[in-house]
Q: 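Shown below is the structure under consideration.
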Amino acid sequence: MVLILPVGEVERETLEWLREDLEREFGFEAVVADENEAIPNPDFALDAERGQYDSTVMLYSMMERPEFKRYGRVLGVASADLFAPGLNFVFGEAGTRAAIISTRRLRETFYNREEDRGLLRKRILTEAAHELGHTFGLGHCAFQDCVMFFSNTIEDTDRKGPRFRGRCLEKMVEAGALGK
Ligand SMILES: [Zn+2]
Ligand SMILES: [Zn+2]
């Protein structure tokens, strides 16, 4: 069971998309956290100088919460821009049972282009699948059309799409990660 956890102000519809898409594409049973469980204010992870949020700090705060232990995986979704030490930004980050993604750079409006809801939905699923893949022990993959390819840019995300390919798909099956 995957708990989809809003971190800060997150557009509700995007969480519902993710729940549906994770079930449809991978057979993951997923639920969207209710308001008591959500992390309403991620300012503890804010780096004021950078104007960005530390994804590792967010991730650890999620992993520490005892009430999340009953979920197989916890997937945080933030709208704030994330960074990790040594990187200008990250689309997401994963730990052992928890992962976090940011929708910020998945929106066309971030690149001064017109909003594209269909593309946003696909990108959210792609980044979520990538980070969940890490939580099942997968590393980065050299194939540009596999979801485990490392995204440096949004073009990488669009090129690879949300599917596990080849050996990565086998590893997900071996890990018992894919429900259908
Ligand atoms: Zn990665
Ligand atoms: Zn792969």
Side-chain angles (χ1 to χ4, degrees), residues 2-8 10 14-15 17-19 21-22 24-28 30 39 42 45 47 50 52-63 68 71-107 110-111 119-180:
V2 180
L3 177 69
I4 299 170
L5 180 73
V7 179
V10 184
T14 60
L15 304 173
W17 288 345
L18 190 52
R19 188 187 61 73
D21 294 348
L22 287 175
R24 196 193 52 243
E25 289 290 328
F26 307 114
F28 287 144
I39 299 179
D47 183 318
R50 301 177 65 130
Q52 290 175 304
Y53 292 75
D54 188 324
S55 62
T56 311
V57 171
M58 281 191 181
L59 195 58
Y60 276 88
S61 81
M62 285 161 48
M63 293 200 294
F68 295 158
Y71 298 99
R73 295 291 181 277
V74 180
L75 176 65
V77 180
S79 56
D81 200 25
L82 304 180
F83 78 96
L87 296 170
N88 288 333
F89 77 93
V90 291
F91 289 113
E93 185 179 345
T96 44
R97 283 177 51 255
I100 184 158
I101 62 167
S102 165
T103 60
R104 172 99 177 169
R105 291 171 191 256
L106 304 181
R107 291 181 186 273
F110 181 84
Y111 306 95
L119 190 54
L120 174 63
R121 182 170 183 160
K122 188 178 172 204
R123 286 170 173 173
I124 291 173
L125 177 63
T126 301
E127 290 307 322
H130 179 96
E131 299 307 339
L132 287 171
H134 282 315
T135 71
F136 285 101
L138 274 66
H140 286 143
C141 176
F143 294 100
Q144 293 195 348
D145 64 345
C146 174
V147 71
M148 293 314 294
F149 187 81
F150 175 74
S151 284
N152 232 331
T153 66
I154 196 66
E155 286 75 25
D156 293 329
T157 301
D158 289 341
R159 192 187 314 106
K160 68 186 181 182
R163 300 273 163 79
F164 296 90
R165 311 270 187 198
R167 186 72 191 111
C168 294
L169 181 59
E170 287 172 17
K171 284 183 192 165
M172 285 295 277
V173 172
E174 283 163 18
L178 301 182
K180 4 177 171 153

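If you read the sequence from its start, that first residue is 1, and numbering goes on from there. Atoms within a ligand are numbered from 1 in the order they appear, just like the ligands themselves.
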Q: Where the Zn ion (ligand 2) is the corner point, what angle links SG of C141 with SG of C168, to 10°?
A: 110°
Q: Using a cut-off of 2.8 Å, count how many protein N, O or S atoms are strictly closer to the Zn ion (ligand 1).
A: 3
Q: Determine whether a donor-acceptor pair (N or O, by modelled atom type, separation under 3.5 Å) exists between the side chain of R73 and the backbone of T135.
A: yes
Q: Might you confirm whether atom CZ of F110 has over 12 heavy atoms from other residues, nucleotides or ligands at distances under 6.0 Å?
A: yes
Q: Taking the six-membered ring of F91, is the NZ or CZ of R105 close enough (under 6.0 Å from the centre) and on axis enough (within 45°)?
A: no
Q: Just checking Y60: does its OH atom have more than 12 heavy atoms from other residues, nucleotides or ligands closer to it than 6.0 angstrom?
A: no
Q: Please list, chain by chain and in numerical order, all residues satisfying side-chain hydrogen bond (donor to acceptor under 3.5 Å, both in side chains) with T157, sequence neighbours excluded.
A: E127, S151
Q: If you count every heavy atom of other residues, nucleotides or ligands that lies below 6.0 Å from R19 atom CZ, does the total exceed 12?
A: yes
